[in-house]
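The shown structure was predicted, so the numbers you read here are calculated from the model rather than taken from an experiment.
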Amino acid sequence: MYRIMKSELKRNQPTKGALTFWMRGDHAKNTALKYQHSLWNVTLNCDGKMRYNASTTTKADGSLVEQSDIQSPWLLIRPDTIFQSAESKLCPA
């Protein structure tokens, strides 16, 4: 399950109209993964594209599994995803 952290929503000034936010993932029920929690910094350009800015994954005890500050290229937002839902709810029409 993923949650968008409303307290972290902010307009990204360099990209007019874009939204940048942190999103938390709880993966405790997915035993196939090496981690139980994830934290992603994401930007939506409010025009059908998104990109990852940073990520952190941790075990249940909080110990670090992986961390990255590498920004991805702009990616198309896929239908029926949390990103499409976020774009429709958070971006001005």
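With a 4.5 Å cut-off on side-chain heavy atoms, H37 and D26 count as touching. Looking only at side-chain heavy atoms (C-beta outward), K49 and L76 come within less than 4.5 Å of each other.
Every side-chain contact (heavy atoms from CB on, under 4.5 Å) that S85 has, sequence neighbours left out, goes to K89. Taking T57 as the reference, Y35, S38, V65, E66 meet the side-chain contact (heavy atoms from CB on, under 4.5 Å) condition, with sequence neighbours excluded. The side-chain hydrogen bond (donor to acceptor under 3.5 Å, both in side chains) search around S88 returns none, not counting sequence neighbours. Every side-chain hydrogen bond (donor to acceptor under 3.5 Å, both in side chains) that Q71 has, sequence neighbours left out, goes to N53. Remark: N30 pairs with no residue by the side-chain hydrogen bond (donor to acceptor under 3.5 Å, both in side chains) rule, at least two apart or across chains. Not counting sequence neighbours, the partners of D80 by the side-chain contact (heavy atoms from CB on, under 4.5 Å) test are Q84. Scanning for side-chain contact (heavy atoms from CB on, under 4.5 Å) contacts around I70 gives S68, with sequence neighbours left out.
For D61 against S63, the heavy-atom pair with the smallest separation is OD1-OG, 2.7 Å. Shown here for A54 and D69, the closest heavy-atom pair between the two residues is CB-OD1, 3.6 Å.
Here the straight-line distance linking atom CD1 of I77 with atom CD1 of I82 works out to 11.5 Å at 0.5 Å rounding. Separation of atoms CG (D47) and SG (C91) is listed at 9.0 Å; rounding is to 0.5 Å.
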Please determine whether side-chain contact (heavy atoms from CB on, under 4.5 Å) holds for the pair M50 and T43, giving the CA-CA distance in whole Å, both sets of side-chain angles, and the decisive distance to 0.1 Å. CA-CA 5 Å; M50 51 89 53; T43 299; over 6 Å; no
